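Down below is the structure, laid out as structure tokens.
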Amino acid sequence: MTKPLLVFLLAVCSHAVFSQNLTDGLMMKKNLFCTGLMYSNDQWEDYWEGDLERNNGNIGTITTQTLMWGGTYGITDKINVIAMVPYMKIDASQGTLHEMKGLQDLSIGVKYNFFKKNFTQSAFNAFGVFNFSTPLSDYTPDFFPLSLGTHTTNLSYRLTANFKLEQGWFVNASGAYTWRSNTTLDREGYWDGDEYILSDEVKMPNVFDVFVSLGYLKGPLQAELEYIQMNTLGGSDITRQGMPFVSNRMNFIKTGALIMYYPHFVKNLAVRTSYHTTLAGRNVGKSNTFMIGALYTFNFSKQQ
Amino acid sequence: MKTIYNFKMILAAVATTFVVVSCNKDIENLEVLKPLQPTSLDENAENWASVNNDSRDVTLAKIVNAAEATANPKIFDPANDLTTVQDVNSTAYKAELASLAALQKNLTGAQKKAIEYWSCGGVLRWNQILRGLVAKYNLPPAPKGDGSYPVPDAENPFGDPNFPFANPPYASRSYAYVSVAQYEALKAAWHYMYVYERPAPYDVPNSGVQSLMPETDLPAYPSYDAVLSGVTAEVLKMLFPAAVEDITKLAAEQRNAALWGGRATSSDIAKGLALGKAVASLMADRARNDRMGTAGGNKALWDGLAQTATDQGEEPWISLETPKRPPMLPFFGLRKAGCTNCGVKTWIMTDDDIMNNRPIPPPSTSSAEMKAEVDEVKWYSTHLTRERLAIVHKWADGVNTHTPAGHWNDIMTEYVRDASWSEVRAARAYALLNMTMHEAAVACWDTKFFYFNPRPCQLDASIKTATGVPNFPAFTSGHSTFSGSAAAILSYLFPQGEEYFVEEAQEASYSRLYGGIHYRYDVEKGYQHGLVVGGFVQNFAENDGADD
């Protein structure tokens, strides 16, 4: 791999949905700061009540719109800090339920490129990512499917492997275990799907996820196909005809595609778009997600 | 070099994080019960008045008759067995004590845990269990493919939908049956305990039996723990037949805890169980004839309710669910002049009491006054704050919860626990509260289906709600009626808590306005109505002899 190309690769922001910066095989060079805004629109009408795929006339289509700020900074060439702040709005097309909106969770991650091996026409990199997220507002976790999130503090431990060829083709695989704190409801007792709990605190199962992508990255173009799987390691199913509950076993498999492009007329600007669809799930919506965003890279190096 | 430094920093951060992660996720139980050491034995509890309006109500005289005359073989026969039972030196009784003493020497961890679990007293523990059962079965049936809704079937309780759908009226009735059955059974237990006066095993000299629960001077024959286990399990199996396995196991564990804990011998327990079952059987006779079976009505009757409202120039209530769901138990409460078999049987109030105290009509659906009511709800809907949302959710008590009646049981439980009352006095408190909740359900459902008044979202579809819209008419608010009546009876039982009960009841009531599902009028008239309902039960309580 030629030196100029490598530098270019490292200088760009990576994935479509910004959170994928945590899962990809790319790094920002030291003192570079990539930041931008991304808008996503996620919709579902069918959902899985346990294993049963169904719809529900009392909610119709659930739409989640997210405007997210993201930023990645290169502390060194091998250590990046990645931060995200999403503002969300969730509403139902039918029935009477009130929309929910507000800031969701602040996420801060540290990504470390701990292993690197260059071959004649390819390169292998491995990364460890530690991510911390915590609620930024007092949103309720007790109004699913309209809650902004689980209102938990999460700690993720991620490992990522990336192999790329000089021609631009790459394959990337990532997996993470996420510890989630308990969450607190506004009521002092609840049915958790298995038993009645006399507390306002809900025990939250941890989560495991896998992310695999296959794509092409060369010159001004990045394009990839993605496979995303998330499994909640415990929790009950949605009760028959009931509302989803925060500690339900929420699992999904999604697939999607991402394109990012650097228009030649503005230096350091990238536009990106992606589309994801849900192939299978349990206690989640069968959603389709469209995303579009723009990113800009600043260079804070004293040399320049 | 700098990179290495940073790497060490990361290692340190990760190590710190693991410390955080290792903290466990055990959650704090907000309703911890403690071993019960009653402050009074309430030796005269058998004299406390029972509800006695007609031949199906269960009184001490009726229980004694069942236990001594009707039962075959007789459960009790004091004229012939008194001396035998009282003889603590009989070979048979000594053998029981010896086997119990031996058993206590080899208790397993699980057995000790069971003793601890039940040492708080069965009345409190079963109330917790009952609230859990209500929450589990409080699930509206899912619609079928053709848009119709299946009706839960008591003959097929494990089907889809499960039986029962423990909605607020069904739950109120369930709490009342369990509590009144426990109360009457315990009064009968107290009666026989003081007829036979057989001491507790740990009180028999040289029995070798220890008390592993707090000691009292209560006689042991029949075992009141076993009475409670028998009466509660039988009534619960009638109300929640699909939970038979859990109920049976818990009841057996309660009896075993009494045995293992040294509080009763096997003959104390056998008699207690038989007495408890006999009382349950009398209570089941009342329940089978209380007209719950016809509370759902049918299409023609539902249409009739809408027609009555239309004929009076009012916009009738319609279901806001998709597909439209039949109203929840429209004939649970509804009384009509001259109709003697309308609505589910009450405990304290008469049909005339229900009709005479029915709130005056709400504003006409076409009036300017109603428009103002709707506009106020709309304001709360568009100005939903996080504080008000928390109040709405605190009191939502909707699907998969213990319902409003259960919420008030939850509130009372800490007071009963802290009062350290005898089991029979604790049972009286739950019986009074839950008869109140039942009467509130009847009186409120009577009002709702008499007026058939639409919800705010029906009159203004732009109103969005912070909790699900209940599937029955608006006027009056059930939450307000339940809460007003509960605050009234709880303030009588625990005067020191009056201010708190009233504050909570008011908050519960207004939570429905904040949530966008009730007009202010529903809330305030419902609350007042609740106070009136609570007054009827308080009047009964003041004259039942328990506080003499």
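Residue numbers begin at 1 in each chain, while the letters A, B, ... track the order of the sequences. Hydrogens, waters and symmetry mates play no part in the numbers below; they use all other heavy atoms, side chains included. Note that this is a predicted model, so its numbers are computed, not measured.
In this structure, chain A has no heavy atom under 4.5 Å from any part of P161(B). Only the backbone of Y139(A) comes within contact range of chain B, with at least one heavy atom under 4.5 Å from a heavy atom of that chain. Within the 4.5 angstrom heavy-atom criterion, only side-chain atoms of D410(B), from C-beta onward, approach chain A. With a threshold of 4.5 angstrom between heavy atoms, M243(A) does not approach chain B through any atom at all. Looking at L139(B), the atoms closer than 4.5 Å to chain A (heavy atoms on both sides) all sit in the side chain, from C-beta outward. In this structure, chain B has no heavy atom under 4.5 Å from any part of L185(A). Both the backbone and the side chain of D26(B) come within less than 4.5 Å of a heavy atom in chain A.
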Practice problem: For F165(B) and Y137(B), run ring-ring contact (aromatic ring centres under 6.0 Å, His included): C-alpha distance rounded to whole Å, both residues' side-chain angles, the deciding distance at 0.1 Å, then the answer. | Solution: CA-CA 6 Å; F165(B) 168 22; Y137(B) 290 97; over 10 Å; no
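Per-residue heavy-atom pair counts under 4.5 Å with chain A were compared for G516(B), A390(B), A461(B), and the maximum is reached by A390(B). Chain A forms the most heavy-atom pairs under 4.5 Å with one residue out of T467(B), I517(B), I463(B), and that residue is T467(B). Listed options D142(A), T140(A), V202(A), N56(A) were ranked by heavy-atom pairs under 4.5 angstrom with chain B; first place goes to T140(A). Contact count against chain A (heavy-atom pairs under 4.5 Å) is highest for K394(B) among K394(B), Q128(B), R131(B).
Relative ring orientation between H393(B) and F143(A) is described as tilted, the plane-to-plane angle lying within the 30° to 60° band.
The side chain to side chain donor-acceptor pair (under 3.5 Å) search around S147(A) returns none, not counting sequence neighbours.
Counting heavy atoms of neighbouring residues, nucleotides and ligands inside a 6.0 Å radius, atom CD of E116(B) does not exceed 12 of them. Other residues, nucleotides and ligands place no more than 12 heavy atoms under 6.0 Å from the NZ atom of K101(A).
The salt bridge (Lys or Arg N to Asp or Glu O under 4.0 Å) analysis of residues 190-207 of chain A, with sequence neighbours excluded, yields no pairs.
For the pair D397(B) and R187(A), the salt-bridge criterion is not met [side-chain N within less than 4.0 Å of a carboxylate O].
Here the shortest heavy-atom pairing between R455(B) and Y519(B) reads C-OH, 3.1 Å.
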